Amino acid sequence: MQAAALYRTSIGKKAIMAVSGVIWIGYVVMHMYGNLKAFLGEAAFNHYAEGLREMGAPIFGHLHLLTVARILFVVSIVLHVWAALSLTQQARQARPQNYATRRVVQANYASVTMRYGGVVILLFLLLHLMQLTWGVSAVHGEFIPGEPYHNLVTNFQSLPVTLVYLVAVVALGLHLFHGTWSMFQTLGFNNERMDRLIRGLAWALAILVPVGFASVPIAVQLGILS
Amino acid sequence: MKFKLRIWRQPNTLIKGRFEEYEVDDVGPDESFLEMLDMLNEQLIANGGEPVAFDHDCREGICGMCGIMINGVAHGPKAATTACQLHMRHFKDGDVIVVEPWRAKAFPVIKDLVVERAALDRIIQAGGYISASTGSAPDANSIPVPKPVADTAMDAAACIGCGACVAACPNSSAMLFTAAKVGHLNVLPQGQAERFDRAVLMVDEMEAEGFGGCTNIGECAAVCPKEIGLDFIAMLNREYLRGKLKGAGSRNA
Ligand code: HEM
Ligand code: SF4
Ligand code: FES
């Protein structure tokens with residue numbers, strides 16, 4: 001089957017990155033929006049976190065839809081990182097000897113740092129899960145299972161943790177700026193008329209998502225959330 | 001004008017190369033970059049040295065032979081201009097100019113600044129043709145082509161196959177070249193019969209030649225002397241993905 005062999009080609013790998021990327025864009029937008037419920041108070045936030053487990057009720061039972069979503073996200077990120085590695089390797093092999101002098105003509109910072117930014121996001125993702133999902137005591141000493149609001153506030157009362165978080169959301173913003181435009185290009189939806197619209201969407205995501213995420217830890221640091 | 005040149009010298013594909021420094025004086029501001037290299041070569045020959053090998057043919061910006069990396073930019077600092085059409089007035093008197101060959105695994109150095117670009121020819125061979133009946137010549141304009149379609153095809157067909165897009169790409173991808181060569185036939189009625197086969201066969205050949213993948217950074221379009229746009233890459237992605245899903249291009253498999 002021809003179509004099944006797509007994953008071996010660079011365009012096929014890019015399409016996999018684009019589809020898995022859009023799934024994760026959906027995730028980060030929803031997650032950012034959900035986090036803002038912290039501003040509605042402890043009860044509302046905990047209710048929201050608990051509600052995720054009942055997602056899709058009454059059609060789906062306790063944890064059902066959440067489990068499906070988790071599998072989708074894990075598969076997506078694994079494929080995304082695999083394709084990133086594979087394309088990086090292909091690019092390395094395609095230029096065994098580098099230029100002595102090299103000048104960037106037009107590329108923006110976001111587009112040339114996708115690979116580094118991706119690694120930052122991946123490392124942060126693991127730390128973030130250890131701190132706020134799994135509650136690994138080495139990285140979050142005051143974690144109490146079933147108390148998400150408490151876990152969130154105590155986590156971001158640490159200045160270093162907040163700073164790491166801010167670096168990660170900036171990396172995410174840059175990744176979204178190039179990634180959003182790039183995925184339309186990869187899937188062949190871009191053209192002269194669409195270009196401005198897609199650039200606009202990329203700008204919007206690259207600003208709104210990091211600002212939304214950053215607002216919660218900053219509010220904790222400023223004592224607005226406690 | 002006077003220039004200090006740091007030029008890549010490499011006797012052949014197998015022997016390792018290195019930079020050599022030269023000086024050229026009395027260069028006129030209206031001389032082209034290649035004419036400046038001619039002056040250097042005359043100087044080298046007069047002194048019993050080996051002239052610098054560089055590719056060129058038309059010297060009027062239409063053949064695509066003259067690609068070289070000038071101060072880290074493919075075809076040098078002027079946009080939409082081949083190295084042969086680049087004039088020395090765009091440099092400052094006394095400038096140090098670094099000249100390197102295109103660098104890509106698919107473009108091995110033949111000598112000094114000359115690289116082998118046959119990989120691009122093989123991409124065209126893989127699908128850059130149309131089926132046409134031989135015999136008596138058809139009437140002109142017997143196939144109607146809407147003006148915007150003809151314009152798009154002409155924009156793509158402007159590609160001269162110089163390879164600057166590959167040279168400038170951080171991934172050494174040949175997507176802009178392939179997109180131009182697929183695009184100019186795929187939008188025309190004459191190109192419809194092989195449309196999806198063409199996209200699949202040409203991209204698969206591109207992969208086989210050892211070029212990198214595209215990450216949509218856009219350095220290719222920025223250095224392209226013929227200003228081929230990134231739209232054509234989006235079009236190629238679309239044609240290729242659709243072609244693969246249809247199972248096109250399998251007769252060579
Ligand atoms: C929340 C997480 C992430 C989101 C939303 C995301 C989103 C995206 C999107 C939409 C693209 C464009 C795909 C295309 O052009 O076809 C992309 C490309 C890319 N991503 Fe991610 N990604 C995420 C995480 C990661 C991680 C963890 C890595 C690596 C470890 C990574 C590495 C890359 C690379 C190398 C590219 C290709 C860059 C390019 O084509 O210019 N990403 N990402
Ligand atoms: S697309 Fe532009 S840079 Fe690439 S080979 Fe054609 S003319 Fe040269
Ligand atoms: S020599 Fe023909 S394009 Fe420069």
Side-chain angles (χ1 to χ4, degrees), chain A residues 1-19 83-84 86-115 178-195 198, chain B residues 6 8 17 19 69-74 77 79 98-100 103-106 109 166-175 200 203-204 206-207 210-219 221-223 229-231 233-250 253:
Chain A
M1 259 260 292
Q2 275 272 307
L6 252 183
Y7 77 93
R8 278 196 255 121
T9 70
S10 68
I11 296 181
K13 284 171 196 162
K14 286 285 301 197
I16 289 172
M17 296 200 76
V19 173
S86 169
L87 288 167
T88 305
Q89 220 172 10
Q90 184 179 347
R92 290 252 160 84
Q93 285 164 357
R95 181 163 293 145
Q97 168 147 27
N98 220 328
Y99 292 102
T101 310
R102 192 59 196 275
R103 239 189 57 218
V104 169
V105 182
Q106 58 77 46
N108 62 53
Y109 181 76
S111 70
V112 293
T113 54
M114 287 299 274
R115 288 169 184 153
H178 181 65
T180 303
W181 180 82
S182 178
M183 80 191 176
F184 283 97
Q185 178 79 3
T186 298
L187 295 178
F189 297 133
N190 197 12
N191 60 38
E192 227 170 290
R193 272 175 300 123
M194 290 281 286
D195 197 66
I198 297 169
Chain B
R6 286 194 68 210
W8 183 260
F19 282 100
M69 211 71 175
I70 301 168
N71 280 342
V73 180
V98 182
V99 191
E100 282 183 85
R103 298 223 185 266
K105 188 174 135 219
V109 172
V166 176
C169 176
N171 305 301
S172 308
S173 172
M175 281 289 277
V200 169
V203 169
D204 287 349
M206 178 188 85
E207 301 266 346
F211 293 103
C214 174
T215 57
N216 302 326
I217 285 175
E219 287 291 285
V223 300
L230 296 180
D231 282 1
I233 295 185
M235 186 194 288
L236 178 63
N237 285 329
R238 185 162 68 235
E239 300 285 291
Y240 180 77
L241 289 169
R242 284 182 64 189
K244 274 283 188 188
L245 294 176
K246 285 172 188 285
S250 49

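Residue numbers begin at 1 in each chain, while the letters A, B, ... track the order of the sequences. None of these values were measured; they are calculated from a predicted model. What's counted below: heavy atoms across the whole structure, side chains too, no hydrogens, waters or symmetry copies.
Taken to the nearest 0.5 Å, the CG atom of B/N237 stands 10.5 Å off from the CZ atom of A/F189. B/D231 contributes atom CG, which lies 7.0 Å from atom CD of A/Q185 (distance to the nearest 0.5 angstrom). Atom-to-atom distance recorded for B/K244:NZ and A/T9:OG1 is 6.0 Å, nearest 0.5 angstrom. Taking NZ of A/K14 as the reference point, atom OH of B/Y240 lies at 14.5 Å (rounded to 0.5 Å).
The parts of A/A107 that come within reach of chain B are both its backbone and its side chain, each placing non-hydrogen atoms under 4.5 angstrom from that chain. Of the two parts of B/M235, neither the backbone nor the side chain holds a non-hydrogen atom closer than 4.5 Å to a non-hydrogen atom of chain A. Heavy-atom distances place the backbone of A/N98, and not its side chain, under 4.5 Å from chain B. Residue contact with chain A, scored on non-hydrogen atoms closer than 4.5 Å, involves the backbone and the side chain of B/E219 alike. No part of A/R193 comes within reach of chain B, as not one of its non-hydrogen atoms sits under 4.5 angstrom from that chain. Residue B/A167 touches chain A through both its backbone and its side chain, counting heavy-atom pairs closer than 4.5 Å. Heavy-atom distances place both the backbone and the side chain of A/A100 under 4.5 Å from chain B.
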- Message: Would B/M69 and A/T101 count as a side-chain contact (heavy atoms from CB on, under 4.5 Å) here? Give the steps.
- Response: CA-CA 9 Å; B/M69 211 71 175; A/T101 310; over 6 Å; no
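Checking side-chain atoms of A/R95 against main-chain N and O of B/C169 turns up a donor-acceptor pair under 3.5 Å. Checking side-chain atoms of A/R102 against main-chain N and O of B/A168 turns up a donor-acceptor pair under 3.5 Å.
Here B/R238 pairs with nothing under the side chain to side chain donor-acceptor pair (under 3.5 Å) rule; sequence neighbours left out.
The two residues B/E207 and A/Q90 make their nearest non-hydrogen contact at OE1-NE2, 3.5 Å. For A/P96 against B/A104, the heavy-atom pair with the smallest separation is CD-C, 4.3 Å. Across B/E100 and A/Y99, no two heavy atoms sit closer than the pair OE1-CA, 3.4 Å. For B/F211 against A/A94, the heavy-atom pair with the smallest separation is C-CB, 3.9 Å.
Atom CD of A/Q106 sits in a crowded spot, with more than 12 heavy atoms from other residues, nucleotides or ligands closer than 6.0 Å. Residue A/Y109 qualifies as open at atom OH: its count of foreign heavy atoms under 6.0 Å is 12 or below.
Most heavy-atom pairs under 4.5 Å with chain A, from the set B/R6, B/R103, B/R242, B/K105: that is B/R103. The most heavy-atom pairs under 4.5 Å with chain A, out of B/V203, B/L230, B/V166, come from B/L230.
Proximity of A/R115 to B/T215: side-chain heavy atoms (C-beta onward) are separated by under 4.5 Å at one or more points. For the pair B/N216 and A/H178, the minimum side-chain heavy-atom distance is below 4.5 Å. Taking 4.5 Å as the limit, every side-chain heavy atom of A/T186 sits out of range of all side-chain heavy atoms of B/L241. Contact of the A/M114 side chain with the B/I217 side chain is not registered, since no non-hydrogen atoms from C-beta on lie closer than 4.5 Å. A/N190 is not listed as a side-chain neighbour of B/I233, based on a closest heavy-atom distance of 4.5 Å or more.
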